[in-house]
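Predicted model, so just to flag it, every value in this text is computed and none were measured. Lettering follows sequence order; numbering is per chain, from 1.
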Amino acid sequence: GENVEQHPSTLSVQEGDSAVIKCTYSDSASNYFPWYKQELGKRPQLIIDIRSNVGEKKDQRIAVTLNKTAKHFSLHITETQPEDSAVYFCAATAVQGAQKLVFGQGTRLTINP
Amino acid sequence: GAVVSQHPSWVICKSGTSVKIECRSLDFQATTMFWYRQFPKQSLMLMATSNEGSKATYEQGVEKDKFLINHASLTLSTLTVTSAHPEDSSFYICSAWESPNEKLFFGSGTQLSVL
């Protein structure tokens with residue numbers, strides 16, 4: 001089945017700098033790759049997603065890139081702010097066309113003022 | 001984004017009792033919902049897929065007789081933890097697949113503590 005590896009597990013950056021989180025997946029048939037942000041004790045919130053027919057997508061300070069050949073995708077956050085501090089999860093569909101997502105292990109991002 | 005409501009937010013129960021958690025899609029219909037379990041500082045572990053009008057599909061290692069799932073309508077799925085024990089204490093989160101945008105949205109989660 002699908003396996004999603006996420007790195008790093010923790011990331012600390014200075015406010016205003018950029019943060020990059022990377023994920024790799026194993027099933028070449030996966031076609032949907034969302035990113036979720038989870039604050040302590042709260043629900044995961046969808047912040048950006050990308051589908052396999054697109055290589056890059058941007059939404060203000062957040063961007064996601066996808067390399068289907070290498071089977072990896074990355075989250076880029078620019079001009080980081082204290083409110084960006086949270087745990088971020090990547091995910092990939094388990095089987096092409098299916099709705100089940102397999103999640104990475106999570107990255108705890110800390111923005112230092 | 002779409003709204004998924006989950007109740008209760010937290011529950012404390014005695015060992016041996018059963019607890020029911022509700023998950024509702026408020027502004028869309030969801031033929032498929034998912035139930036996850038999350039331990040502190042860990043990732044989301046999929047427990048089962050809830051399909052409206054049919055039996056749930058459980059992930060390997062999840063006891064279907066202990067975690068009963070019912071998806072009786074296009075907006076409601078329930079998870080019942082039967083004969084709960086302290087090791088069942090955890091954060092349970094539901095999610096619903098929203099079509100036609102094809103995105104997954106999460107409920108607010110339920111913190112279960114079994115004494």
Residue pairs fulfilling side-chain hydrogen bond (donor to acceptor under 3.5 Å, both in side chains) with at least one residue in residues 67-78 of chain A, sequence neighbours excluded: Thr65(A)-His76(A)
Hey, are Arg24(B) and Glu22(B) close enough for a salt bridge, meaning a charged N less than 4.0 Å from a carboxylate O? yes
Do you know which of Ala91(A), Gly104(A), Pro44(A) has the most heavy-atom pairs under 4.5 Å to chain B? Pro44(A)
Leu75(A) and its side chain to side chain contact (heavy atoms under 4.5 Å, CB included) partner, picked from Val20(A), Leu109(A), Ile48(A): Ile48(A)
Between Thr49(B) and chain A, with a heavy-atom cut-off of 4.5 Å, which part of the residue counts as in contact: side chain, backbone, both or neither? side chain
Tell me, for Gln42(B) versus chain A, whether the close heavy atoms (under 4.5 Å) come from the side chain, the backbone, both or neither. backbone
Report the relative orientation of the aromatic rings in Phe103(A) and Tyr36(A); use parallel for angles under 30°, tilted for 30 to 60°, perpendicular for over 60°. tilted
Ring-plane angle category for Phe73(A) and Tyr25(A), please: parallel below 30°, perpendicular beyond 60°, tilted otherwise. tilted
At a heavy-atom separation under 4.5 Å, does Ile93(B) approach chain A through its side chain, its backbone, both, or neither? side chain
Could you look at Leu101(A) and say if it's the side chain, the backbone, both or neither that has a heavy atom under 4.5 Å from chain B? both
Please look at Glu59(B) and chain A and tell me whether the side chain, the backbone, both or neither of the residue comes under 4.5 angstrom of a heavy atom of that chain. side chain
Portion of Gln6(A) that has a non-hydrogen atom of chain B nearer than 4.5 angstrom: neither
If hydrophobic residues (ILVMFWY) are linked whenever their side-chain heavy atoms come closer than 4.5 Å, directly or via other members, who joins Leu68(B) in its cluster? none
